[in-house]
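Report on one structure; see the data block that follows.
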Amino acid sequence: MSSLLEILADGQPKTFKKLTALLSLSQAQLLDETERLQTLGIQIKASPQTLQLIPQLDLLDGARLSKALFPHRVVIQPVIDSTNQYILNHLAELKKGDLCLSEHQTAGRGRRGRQWLSPFAGQLILSIYWTLNARKPLDGLSLVIGMAIADAIKSAGGKEINLKWPNDLLLNGRKLAGILIEIANRQQDQLNLVIGIGINLSLPKLKAQIDQPWAELCEILPQLDRNELLIRVVKHLYLYLAAFEREGINAVFREKWAETDYYFNKEVNIITEKQTITGINQGIDENGYILIKTKNGELLKFNGGEVSLRKPA
C-alpha cells in the first residue's frame, strides 16, 4: 500500500476524502501521520479539505535530467527506502552509469551504518551503478568521487567547498555531503559497485536531529537550480570515474586533493581501534592513503577503511 508521503509526492493538493479512501485511514489518523512527517522536516500544508506537500526546493525534472544525461538511464523514485538498495535490487536491468534519484529516503545510510536523514526535495540524493575491473584496487575511489562533487559545485559558484579525508564534503568546516560506496558483487573480471551520494541543499527543519556540525548549500548559493546542479555533479562524476579507471590516483588528483583538503598541512588526530595518533596532514599518496607526519618526524600512512580523522580538541 502506498504511504501518505508517496501520494502527496507530486506536490498537488489531495482531498481528505480521496486520501482516506486510498489509505484506509480516518481523517484523524491522516492528521497524526501528517504531524509525524512534519517532525522529520517535511512541510505539509493542511487546509479544512486538503493536504498538500510543499517541497523544500523544486522537484526533480525527469524529462530534463534524462535528456541531459542520455544515454544513461535516470530512475526517479520520489519516496524510497534507499537509492543504493534500489540499484542493488535491479543490477540485472541496469547498465554502467545508470542512476537512481529520490526526493526522500526513509532508510538512507551513511558510512559505518549511520543513518542519513532527508527532508523532501531538500537534498541531492542519488546512487550510480558503476563497474571496474575486479583486479583494480578501489583505494582512493571515494576521494575521486569527492573531488568530482566538489569541482561540480565550484563550477556552479560554490567556491567555499572543501574535502575531509576520506569521503566528506565540507562547507566552512561543516559537513555538506557524504559518500557511501558499496560492492554489489563480482562477475567474472568485473566488480559491480553502487556509489551513493547525499548533498545537503536546504535543511531548515532538521537541525535538532543531526548530531554533528552540518551545512546546506543554500547558504552560499541561495538561488541554486537543483536539477542543473545534479546534472553538473553527475557529468563530473562520469569524467572523474573514467580517469580513475585509466590512471588511479595520479599526480593531478593528488595535487587537486591538496588544494581542496580542509585539513592539509594542519594538525589532525588519526583514530584507530587501538590508539590515537597526532600529526600534520601531508596529503595523500598514489593509493589515496593519508600521510601523517608525527612529532618525531616519522611519516605514516593510513587506509580510509581502517581509521577516522578528527580535528584535535
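With sequence neighbours excluded, no residue forms a side chain to side chain contact (heavy atoms under 4.5 Å, CB included) with Pro48. With sequence neighbours excluded, the residues that form a salt bridge (charged side-chain N to carboxylate O under 4.0 Å, His left out) with Asp151 are Lys256. Every residue meeting the side chain to side chain contact (heavy atoms under 4.5 Å, CB included) condition with Ile54, not counting sequence neighbours, appears here in chain and number order: Gln43, Lys45, Gln52. The ring pair (Phe, Tyr, Trp, His ring centres under 6.0 Å) search around Phe253 returns Tyr240, not counting sequence neighbours. The side-chain hydrogen bond (donor to acceptor under 3.5 Å, both in side chains) search around Thr131 returns none, not counting sequence neighbours. With sequence neighbours left out, Arg254 forms a salt bridge (charged side-chain N to carboxylate O under 4.0 Å, His left out) with no residue at all. Scanning for ring pair (Phe, Tyr, Trp, His ring centres under 6.0 Å) contacts around Phe302 gives an empty result, with sequence neighbours left out. For Glu247, the salt bridge (charged side-chain N to carboxylate O under 4.0 Å, His left out) criterion is met by no residue, not counting sequence neighbours.
In the hydrophobic clustering (ILVMFWY side chains linked at under 4.5 Å, chained through shared members), Leu299 is joined by Leu291.
Within the 4.5 Å cutoff, the side chain of Phe120 has heavy atoms near those of the Leu53 side chain. Between Leu163 and Leu170, every side-chain heavy-atom pair lies at or beyond the 4.5 Å cut-off. For the pair Asn287 and Ile249, the minimum side-chain heavy-atom distance is 4.5 Å or more. Between Trp257 and Phe264, the closest side-chain pair of non-hydrogen atoms is not below 4.5 Å. You'll find the side chain of Asn192 stays beyond 4.5 Å of the side chain of Leu132, heavy atoms only. Two residues are said to be in side-chain contact when any heavy atoms from C-beta on lie closer than 4.5 Å; Lys301 and Asp285 meet this criterion.
Here the side chain of Asn269 pairs no donor or acceptor atom with the backbone of Thr276 at under 3.5 angstrom. Remark: the backbone N or O of Ala63 is not paired with any side-chain donor or acceptor of Ser66 at under 3.5 angstrom.
Atom NZ of Lys136 is surrounded by more than 12 heavy atoms from other residues, nucleotides or ligands within 6.0 Å. Atom NZ of Lys154 is surrounded by more than 12 heavy atoms from other residues, nucleotides or ligands within 6.0 Å.
Evaluation of the ring pair (Phe, Tyr, Trp, His ring centres under 6.0 Å) test over residues 137-158, restricted to residues two or more places apart or in two chains, returns none. Residues in residues 38-96 take part in these ring pair (Phe, Tyr, Trp, His ring centres under 6.0 Å) pairs, two or more places apart or across chains: His72-Tyr238, Tyr86-His90.
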Could you tabulate the donor-acceptor pairs under 3.5 Å formed by side-chain atoms of residues 13-23, not counting sequence neighbours?
from: Lys14; atom 1: NZ; to: Asp10; atom 2: OD1; distance (Å): 2.7
from: Lys14; atom 1: NZ; to: Asp10; atom 2: OD2; distance (Å): 3.2
from: Lys14; atom 1: NZ; to: Gln12; atom 2: O; distance (Å): 3.2
from: Thr15; atom 1: OG1; to: Lys18; atom 2: N; distance (Å): 3.1
from: Thr20; atom 1: OG1; to: Phe16; atom 2: O; distance (Å): 2.9
from: Thr20; atom 1: OG1; to: Lys17; atom 2: O; distance (Å): 2.9

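The cluster map of Ile, Leu, Val, Met, Phe, Trp and Tyr, joined by side-chain heavy atoms under 4.5 Å apart, puts Leu300 and Tyr289 in different clusters. Ile197 is connected to Ile183 through a chain of hydrophobic side-chain contacts under 4.5 Å among Ile, Leu, Val, Met, Phe, Trp and Tyr, so both are in one cluster.
At a threshold of 4.0 Å, the pair Arg226-Asp58 does not count as salt-bridged, since none of the basic side-chain nitrogens sits closer than that to a carboxylate oxygen.
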(request) Would you please test Leu241 and Ile195 for side chain to side chain contact (heavy atoms under 4.5 Å, CB included) and show each step? (result) CA-CA 11 Å; Leu241 286 167; Ile195 300 168; 4.0 Å; yes
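The side chain to side chain donor-acceptor pair (under 3.5 Å) test with Asn200 singles out one residue from Gln123, Glu219, Arg174, and that residue is Gln123.
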